[in-house]
Amino acid sequence: MTLSDMKENQIATITKIESDSALSRRLFDMGFIAGQNIACVNVSALGSPIAYNLRGCKVALRKKDADKIGVVL
């Protein structure tokens, strides 16, 4: 399952990030680390961007970037 598959109000744990080095570094800097809990807060009407709560902060990602982050519920 990927981050973009989550429904609103679901909580999951990040398992992996499959991305090029620039994006993976940027996500790492924002706190997207394997083992970290993340909650889906809001999915926009068109499906992108999607807002997540990560370590007390709200972060919005494009669907194509959220597709690269593996999670487990």
Side-chain angles (χ1 to χ4, degrees):
M1 175 177 198
T2 65
L3 203 57
S4 63
D5 296 328
M6 291 176 63
K7 308 291 184 217
E8 286 186 21
N9 301 317
Q10 281 187 324
I11 298 173
T13 303
I14 298 172
T15 56
K16 62 182 175 178
I17 298 175
E18 297 176 8
S19 180
D20 60 1
S21 61
L23 180 60
S24 62
R25 177 64 189 175
R26 190 177 191 192
L27 292 171
F28 180 81
D29 289 343
M30 289 191 292
F32 288 84
I33 302 167
Q36 187 67 44
N37 288 334
I38 189 165
C40 182
V41 178
N42 189 17
V43 179
S44 70
L46 298 175
S48 184
I50 306 168
Y52 300 96
N53 190 349
L54 178 69
R55 301 175 67 176
C57 297
K58 288 188 181 173
V59 179
L61 293 177
R62 294 176 290 194
K63 185 178 182 322
K64 72 176 192 169
D65 294 334
D67 283 337
K68 298 176 182 177
I69 301 171
V71 296
V72 62
L73 294 178

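Considering only residues two or more places apart in sequence or on other chains, Ile11 meets the side-chain contact (heavy atoms from CB on, under 4.5 Å) condition with Ala39. Judged as a salt bridge (charged side-chain N to carboxylate O under 4.0 Å, His left out), and not counting sequence neighbours, Lys58 has no contacts. Legend: residues meeting salt bridge (charged side-chain N to carboxylate O under 4.0 Å, His left out) with Arg25, ordered by chain and number and at least two apart, are Asp29. With sequence neighbours left out, Leu73 forms a side-chain contact (heavy atoms from CB on, under 4.5 Å) with Met1, Gln10, Ala12. With sequence neighbours left out, the salt bridge (charged side-chain N to carboxylate O under 4.0 Å, His left out) criterion links Glu8 to no other residue.
Shown are Leu23, Leu27, Leu3; of these, the side-chain contact (heavy atoms from CB on, under 4.5 Å) with Ile17 is made only by Leu27.
Counting only residues at least two apart or in different chains, side-chain hydrogen bond (donor to acceptor under 3.5 Å, both in side chains) contacts with residues 31-53 comprise Thr13-Asn37.
With hydrophobic clusters built from ILVMFWY side chains whose heavy atoms lie under 4.5 angstrom apart, Val41 does not share a cluster with Met6. Criterion: ILVMFWY side-chain heavy atoms under 4.5 Å apart, direct or through other members. Under it, Met30 and Ile50 are part of a common hydrophobic cluster.
Rounding to the nearest 0.5 Å places OG1 of Thr2 at 9.5 Å from CD of Glu18.
Of all non-hydrogen atoms in Ile14 and Ile38, the two that sit nearest each other are CG1-CG2, 4.1 Å.
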